[in-house]
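Notes follow once the structure below has been shown.
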Amino acid sequence: MNKKLAAALSGGAVLVLTLSGCSDDSDNKVNDWAKKVCDQVQPQLQKIANANASIQQQTADNSKPADVQRTDSTAFQQISQAYKALGAAVDSAGPPPVDDGETTQKEAVKELNASSVAYADLETKVDALDTKDQAKFADGLKGIADELNKISTSGDQALKKLQSGEVGSAMAKQKGCQKPTASAPPAAAPSAPEATPSKSASPSASASEKA
């Protein structure tokens, strides 16, 4: 019952900063800005990847609704917190030293904060689902998956702009801004009960296998 949700999540949860390497030589000031952002970004991208993996692990047809609800709720909470921290990282770095840098930064921060709010809303909605009626619960998950698809396909233009041109090239060189593979979260990080992500789980790979 959770497969559609897992597939939707893998496509949308890490819509930010999934950069590939680029060989362009960027200005030192731009590189410095990118490093400042990316050093703060990596822990949050890891948190999102781990949350993705926890939902994807809870996709068996015989999964108990209460277990699925608990896992999904915790994952959405983690993703919401991660997006909020990503917004703070981009905000605290200041505008990138390029044309329209201030506008690009403000729009990206606005978008990241909006994503944080959207995932917090999904957490509230999954908490409200009726776990005693499996059919109703499955219908509720379908609705959440549909909303998740909307989150991932709308409103990401500002982030794409941030990741383009000179700034995008500089950020792509930074290890901290490259998409991580899901792994077991640090002991201090909250994790969903009975849903510890597999060390080998990759959000995109898991989704394609289970979708």
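Everything numeric in this text was worked out from a predicted model, so none of it was measured.
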> About how many Å separate CD of Gln134 and NZ of Lys64, when rounded to the nearest 0.5 Å?
Replying inline: 11.5 Å
> Looking at Glu147 and Asp121, what are the two nearest heavy atoms and their distance?
Replying inline: OE1-OD2, 4.2 Å
>> For Phe137 and Val68: C-alpha separation, side-chain torsions, deciding distance, then whether side-chain contact (heavy atoms from CB on, under 4.5 Å) applies.
In response: CA-CA 10 Å; Phe137 184 72; Val68 173; 3.9 Å; yes
> Is Ile79 close to Leu122 at the side-chain level, that is, under 4.5 Å between some pair of heavy atoms?
Replying inline: no
>> Give me the atom names and distance for the closest heavy-atom approach of Ala82 to Ile48.
In response: CB-CG1, 3.6 Å
>> Give me the atom names and distance for the closest heavy-atom approach of Asp130 to Lys136.
In response: OD2-CD, 4.3 Å
> Of the non-hydrogen atoms in Cys177 and Met171, which two are nearest, and what is the gap between them?
Replying inline: CB-O, 3.5 Å
>> Tell me whether Thr74 contacts the main-chain N or O of Thr71 through its side chain, where contact means a donor paired with an acceptor under 3.5 Å.
In response: no
> Heavy atoms, side chains only, cut-off 4.5 Å: are Asp91 and Asn113 in contact?
Replying inline: no
> Closest heavy-atom contact between Pro97 and Trp33?
Replying inline: CD-CB, 3.9 Å
> Is there any salt bridge (charged side-chain N to carboxylate O under 4.0 Å, His left out) pair reaching into residues 31-43, and which pairs are they, with sequence neighbours excluded?
Replying inline: Lys35-Asp39
> In terms of ring plane angle, is the pair Tyr119 and Phe76 parallel, tilted or perpendicular, where the classes change at 30° and 60°?
Replying inline: tilted
> Is any side-chain heavy atom of Asp72 less than 4.5 Å from a side-chain heavy atom of Leu141?
Replying inline: yes
> Closest heavy-atom contact between Ala75 and Ser54?
Replying inline: CB-OG, 3.8 Å
> Between the main-chain N or O of Val126 and the side-chain N or O of Gln69, is there a donor-acceptor pair closer than 3.5 Å?
Replying inline: yes
